[in-house]
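Read the structure below first, then the notes.
Values in this document were obtained by computation on a predicted structure and should not be read as measured data. Computed from heavy atoms alone, side chains included, the values below leave out hydrogens, waters and symmetry copies. Counting starts at 1 for both ligands and their atoms, in listed order.
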Amino acid sequence: MIEELRETVCRLHAELVRYNLVAWTAGNVSGRVPGEDLFVIKPSGVSYDDLTPESIVVCDLDGNLVEGSLAPSSDTAAHAYVYRHMPEVNGVVHTHSTYASAWAARGEAIPCVLTAMADEFGGDIPVGPFALIGGDDIGKGIVETLTGHRSPAVLMRNHGVFTIGESPKAAVKAAVMCEDVARTVHVSRQLGEPVPIARDDVDSLYDRYQNVYGQRSHR
Ligand SMILES: [Zn+2]
């Protein structure tokens, strides 16, 4: 089980590169080990080309290294906090993707002005508090902002994006979509004020996308 998850999480890091969400080593994916108080995460400072399933480390939900020869990502405490407080979450992603981080730098939520946003995020993409790395502050900010919110993405102020999902792949998808809509809404802003979508329409788009769209067996 852990071997398979390590492989999946290793492979998903390539998607961060493919979708241009990361520079150097600044971005990471983690996944909860089903049925255990453990998760796997990227080792710190290892370039994406050098990542192997064996190099992905295993941590407990307090962020302590349980298995692996490398130090875990410096964002491990934030991931661990999310897994401790959001039992429905099985995947967490962090990036400093350009357009989303530009919104975070202004401390501004991305308004829901695209049907694709209503589909994936069910409304605005919210902003979380400013928090320093190391302790529980980032994790706390993520959990407080996303609890009771439809959005699987939060823009941590002056920092970057954290996304959550029912699987590591779902969290990666949210990170890709977050950057995509952050870019489009930014471009839209250049020539005027984007038009909001009515709340009722956001609700029906979200409901259709979450419950009807796609191949059910591939959720
Ligand atoms: Zn960061």
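Under the 30°/60° scheme for interplanar angles, the aromatic rings of Y83 and F39 are found to be tilted.
Atom OG of residue S101 and atom NE2 of residue H159 lie 7.5 Å apart, to the nearest 0.5 angstrom. With rounding to the nearest 0.5 angstrom, the CZ atom of R199 is 10.5 Å from the OG atom of S204. Atom CD1 of I197 and atom CG of L114 lie 6.5 Å apart (nearest 0.5 Å). The OG1 atom of T163 sits 8.0 Å away from the CZ atom of F121 when rounded to the nearest 0.5 Å.
Looking only at distances, a side-chain donor or acceptor of Y48 sits under 3.5 Å from a matching main-chain atom of G27.
Take the Zn ion (ligand 1) and draw a sphere of radius 2.8 Å; the protein N/O/S atoms inside it number 3.
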